[in-house]
Amino acid sequence: MFEIVEKKQLAQGTICMFKVMAPRIARKTKPGQFVILRANEKGERIPLTVAEAHPTEGWIRIYFQVVGKTTAMLSLMEPGDAIKDVIGPLGLPTHVEKWGTVLCVGGGLGVAVLYPVARAFFEAGNYVIAIIGARTKDLLILEDEMRAVCNELYVTTDDGSYGHHGFVTDVARKILQERKDVKMVMGIGPVPMMRFLCKTTEPFGVKTMVSLNPIMVDGTGMCGACRVRVGGETKFCCVHGPDFDGHQVDFDELTKRLAMYVPQERMAYDKFKAEVGAGGGR
Amino acid sequence: MNAKDPGPGKQKKERLPRQPMPEQPPRERIKNFREVPLGYTVEQAMAEASRCLRCKKPGCVPGCPVEVDIPGFISLICEGKFFEAAAKIRETNSLPAVCGRVCPQEDQCEKGCVLGKKWEPVAIGRLERFVADYDRTYGRFEMPAMDPPTGKRVAVVGSGPAGLTLAGDLIKKGHEVTIFEALHEPGGVLIYGIPEFRLPKEIVNAEVNYLKRLGVRIETDVVVGKTVTVDELLEEEGYHAVFLGVGAGLPVFMNIPGENLCGIYSANEYLTRSNLMKAYLFPEYDTPIAVGKNVVVLGAGNVAMDAARTALRLGAETVRIVYRRSRQEMPARAEEIHHAEEEGIIFELLTNPVRFIGDERGWVKAMECVRMELGEPDSSGRRRPIPIPGSEFILETDMAIVAIGTMANPLIPSTTPGLETNRWGYIVTDETGRTSKEGVWAGGDIVTGAATVILAMGAGRKAAKAIHEYLMSK
Ligand SMILES: Cc1cc2nc3c(=O)[nH]c(=O)nc-3n(C[C@H](O)[C@H](O)[C@H](O)COP(=O)(O)OP(=O)(O)OC[C@H]3O[C@@H](n4cnc5c(N)ncnc54)[C@H](O)[C@@H]3O)c2cc1C
Ligand code: SF4
Ligand code: FES
């Protein structure tokens, strides 16, 4: 059992942050790694990236968006409650070195995943330019935290309520046009955003890494649920990833595989909402 | 009882036929996940036991990988001493309720039974299962003889049959034993792989609880190599020895076009969803599983049979086993093939998949296959299947389960300096399970490649003996 010691609702309650006691995992987690979590005895196993780990205090910080039954159920848990299972750290840590100038691009919940990575790049001595975006101002998360770990920060909103009116990719293109010294782009966010970002950076020939989030079960290489096609080869995301060269990723296949259980997910979520009544995990 | 009474004549001892096992009828059982064979009654067990000749030089015992005293336990059944019979088996086999259900008896003990030469062999597996179940149901928990604490600590990685057996042996020797398991439930393949209708999880849980009562600690959710390394267990956490019983858990795929389409599973994933995650109880349990209408299962081992029969129970209309060799070469237990056939599974033998074809949503809709014929024997001694040119055909399907084998997970070797592996990634050990690394033993599928429950158990037992000697000499 893994106790929740702190909870915060962000982005108008659509995103939830937990600080969870998991001493073994906290000792080992590096930026870019994830955990698999199971809320209770009947729960499914879902992967969530660790946004921060405190090795001596023994906690990890995770963020999630309420998108279905499992995340809705999690969002109803409170400090003092315990998550049945937390397994990790899984996947390979993000490769960090001193490249010079790097561009970090995050969208929506992806900003939470991007944060530890940007921080690691920054601490390694890189000049970090970050672009973070959301649909609207109220949904933007971790702006202050991000600002603290980068040299330049740009904010975009789809509706123009804050920062640049438009997409993160607009700003990314502009930056790549203006400065030729960007050595690496790291993009984390919804699949369409990562896909579009890779399209944007490709003509500039800048290496672009993305963090993928396929469906997983065990997270240790034993099931193959997480297989993704990269450069024409099948990879197990939980073992070889989650970071991959975005210009090689078959986003089309990823998108389709992510939709595999949509009917079941919708059914379970509707049933859950009917059971807990209105307001239960919106 | 049986119409085919041999009648008067030369028959001497062989009066009774092999007692049939009561089973759920096929039409009924394909709608539920309850166990198929129902088990012998006391009368049936005693009748079957009475068939045994109590041979002086039994043919059965050498066929058993852990050399259970078979005539010994069968005699005890004849005397009605069922608890004693169970204890007799447990002297060498710590998981009789499991082995009685899943061992390939027809290739082991029953193959050597002298009665089998002329008639049918004694149903040794069914008798083993009977006494183990009787013991579990009616027996009282008795603390076995335990040696005084030695102050030595052993870390067991993996809670499959190898790890469970070793843990039981070493705790009785007075050592402190902790099992580390990557998944959220202990039991290994017995929990995540083999379905409820073949091995009720209650049985595995009873074995695990028994170990806990003896004092074995079990830490689930620990992926050794990630959460903690073997070196850290030895150097920082104060374990004096480590046993690696991590199985051969990586799924092998066909590597043919279209294999990542939706609806194509590895057997590991399919069975893990259904068994470990209880997706067959969705939406009561949260893990979903796709329900195929026309399912194909590639491969013909136990894993393939389990996947095929699970698909049927989840609601498939047709399920086909597609196998590139012939019936004779199918590696599954005879009983599994028999049950699968009774349940209406179709066997497409001498057939090999070539590619999968998808629809616009990225779901599999068909599989192209080619017919095969058997050529010269290959390195395994089996005749090599070769494609018949021009015999390609299309099989419509909306779900495919790949059950063509598994291999070693490199996770532990890659994070454990000094641990030698062979070129397939399996850990190299001597007879006792000792690895190239001081204080580290290994056994089960991670050493032999995917094998059987009883071989994994036997390996656990051997390593336990060697670890005990090592600890006591230090
Ligand atoms: C579907 C299926 C059906 C089968 N049917 C039969 C049958 O009918 N008869 C028969 O005799 N055999 C059968 N087998 C084979 C048999 O189950 C195996 O040979 C046996 O379980 C191997 O035992 P083991 O202890 O070596 O490993 P496993 O049972 O594989 O257990 C290994 C355990 O180690 C854990 N682990 C792995 N890596 C780590 C790590 N890094 N850290 C912590 N834990 C880890 C795994 O999660 C797992 O729980 C079947 C196998 C399958 C998959
Ligand atoms: S070989 Fe057959 S008849 Fe002889 S002891 Fe073994 S089980 Fe009994
Ligand atoms: S999640 Fe099972 S192999 Fe990656």
Side-chain angles (χ1 to χ4, degrees), chain A residues 1-2 22 24-25 27-29 33 35-36 38-46 68-70 73 84-91 215 217-229 234 236 239 250 252-265 267-272, chain B residues 180-185 192-193 219-229 232 246-253 255 259-273 276-279 281-291 358-363 402 406 409-411:
Chain A
M1 297 292 255
F2 298 80
R24 279 193 185 279
I25 300 172
R27 255 201 311 272
K28 302 286 270 200
T29 307
Q33 289 188 295
V35 291
I36 294 253
R38 193 173 72 123
N40 57 39
E41 204 45 66
K42 294 183 175 174
E44 59 180 334
R45 294 168 65 107
I46 60 161
K69 178 182 174 186
T70 296
M73 214 159 52
K84 187 82 184 44
D85 301 286
V86 182
I87 298 125
L90 302 171
I215 293 171
V217 182
D218 60 298
T220 64
M222 74 80 118
C223 78
C226 63
R227 49 201 203 280
V228 289
R229 190 157 283 272
T234 294
F236 285 11
V239 176
D250 185 337
D252 192 42
E253 183 183 283
L254 177 66
T255 307
K256 286 173 173 161
R257 287 184 64 84
L258 276 168
M260 193 159 157
Y261 298 104
V262 166
Q264 285 102 321
E265 283 161 4
M267 191 255 259
Y269 194 17
D270 288 345
K271 188 164 167 280
F272 176 75
Chain B
F180 295 96
E181 168 56 51
L183 293 171
H184 56 259
E185 249 183 79
Y192 79 73
E219 248 194 82
T220 50
D221 297 341
V222 176
V223 184
V224 173
K226 288 283 187 188
T227 319
V228 62
T229 63
E232 284 164 348
V246 293
L250 279 207
V252 175
F253 283 92
N255 265 321
E259 210 167 13
N260 291 351
L261 288 164
C262 296
I264 302 181
Y265 286 104
S266 74
N268 264 7
E269 180 184 354
Y270 191 70
L271 292 170
T272 300
R273 281 182 183 271
L276 177 72
M277 306 309 299
K278 306 239 181 309
L281 297 174
F282 181 87
E284 188 201 337
Y285 281 72
D286 294 337
T287 304
I289 194 162
V291 175
D359 65 13
E360 61 298 331
R361 285 158 47 243
W363 276 78
V402 185
T406 52
N409 192 328
L411 180 55

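Below, chains carry the letters A, B, ... as their sequence lines are ordered, and counting in each starts from 1.
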Name the member of [options] that forms the most heavy-atom pairs with chain B at distances under 4.5 Å.
options: A/Ile87, A/Thr255, A/Asp250; value: A/Ile87
options: A/Ala39, A/Ala22, A/Gly43; value: A/Gly43
options: A/Ala268, A/Gly68, A/Gly88; value: A/Gly88

Is there a side-chain contact between A/Thr234 and B/Glu259 (heavy atoms, below 4.5 Å)?
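A/Thr234 does not reach B/Glu259 side chain to side chain.
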Less than 4.5 Å apart, any side-chain heavy atom of B/Phe282 and any of A/Met267?
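Yes - at least one pair of side-chain heavy atoms lies under 4.5 Å apart.
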Partner residues of B/Glu219 under the salt bridge (Lys or Arg N to Asp or Glu O under 4.0 Å) criterion, sequence neighbours left out:
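Once residues adjacent in sequence are excluded, the partners of B/Glu219 under the salt bridge (Lys or Arg N to Asp or Glu O under 4.0 Å) criterion are A/Arg24, B/Arg217.
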Is it the side chain or the backbone of [X] that comes within 4.5 Å of chain A heavy atoms, both, or neither?
X: B/Val402; value: neither
X: B/Leu261; value: backbone
X: B/Lys226; value: both
X: B/Phe253; value: side chain
X: B/Thr272; value: side chain

How far does [atom1] of [X] sit from [atom2] of [Y], to the nearest 0.5 angstrom?
X: B/Leu250; Y: A/Cys223; atom1: CG; atom2: SG; value: 10.5 Å
X: B/Glu284; Y: A/Lys271; atom1: CD; atom2: NZ; value: 8.0 Å
X: B/Asp286; Y: A/Asn40; atom1: CG; atom2: CG; value: 6.5 Å

Given A/Met260 and B/Arg361, is the side chain to side chain contact (heavy atoms under 4.5 Å, CB included) satisfied, shown in steps?
CA-CA 9 Å; A/Met260 193 159 157; B/Arg361 285 158 47 243; over 6 Å; no
Would you name the heavy atoms of [X] and [Y] that are closest together and state the gap between them?
X: A/Phe2; Y: B/Asp221; result: CE1-OD2, 3.6 Å
X: B/Pro283; Y: A/Lys69; result: O-NZ, 4.2 Å
X: A/Gly224; Y: B/Pro251; result: N-CG, 4.3 Å

Side-chain donor-acceptor pair under 3.5 Å between A/Thr220 and B/Asn409, yes or no?
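The criterion, which ignores hydrogens and geometry beyond distance, is not satisfied for B/Asn409 and A/Thr220.
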Give a yes or no on whether a salt bridge exists between A/Lys28 and B/Glu232, defined as a side-chain N under 4.0 angstrom from a carboxylate O.
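Yes, A/Lys28 and B/Glu232 are salt-bridged.
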Would you say the side-chain atoms of [X] pair up with the backbone N or O of [Y], donor to acceptor, closer than 3.5 Å?
X: A/Arg257; Y: B/Asn260; value: yes
X: A/Lys42; Y: B/Thr287; value: no
X: A/Gln264; Y: B/Ile289; value: yes
X: B/Thr227; Y: A/Ile25; value: no

Passes side chain to side chain contact (heavy atoms under 4.5 Å, CB included), B/Thr406 versus A/Met222? Steps please.
CA-CA 9 Å; B/Thr406 52; A/Met222 74 80 118; over 6 Å; no
Pick one of side chain, backbone, both or neither for A/Val239, based on which atoms fall under 4.5 Å of a heavy atom in chain B.
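It is neither, since no heavy atom gets under 4.5 Å.
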Is A/Ile215 close to chain B through its backbone or its side chain, or both, or neither, when contacts mean heavy atoms under 4.5 Å?
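Just its side chain gets close to chain B.
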Step by step, would you call A/Arg45 with B/Leu183 a side chain to side chain contact (heavy atoms under 4.5 Å, CB included)?
CA-CA 10 Å; A/Arg45 294 168 65 107; B/Leu183 293 171; 4.0 Å; yes
What option among B/Pro410, B/Gly362, B/Pro288 has the most heavy-atom pairs under 4.5 Å with chain A?
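With the most close heavy-atom pairs to chain A, the winner is B/Pro288.
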So which of B/Glu269, B/Lys278, B/Glu185, B/Met277 has the biggest tally of heavy-atom pairs under 4.5 Å with chain A?
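Highest number of heavy-atom pairs under 4.5 Å: B/Glu269.
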Indicate the ring-plane relationship of B/Tyr265 and A/Tyr261, choosing parallel, tilted or perpendicular according to the 30° and 60° boundaries.
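B/Tyr265 vs A/Tyr261 ring planes: tilted.
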Taking only residues two or more places apart in sequence, or in another chain, which ones meet B/Tyr192 in a ring-ring contact (aromatic ring centres under 6.0 Å, His included)?
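Applying ring-ring contact (aromatic ring centres under 6.0 Å, His included) to B/Tyr192 gives none.
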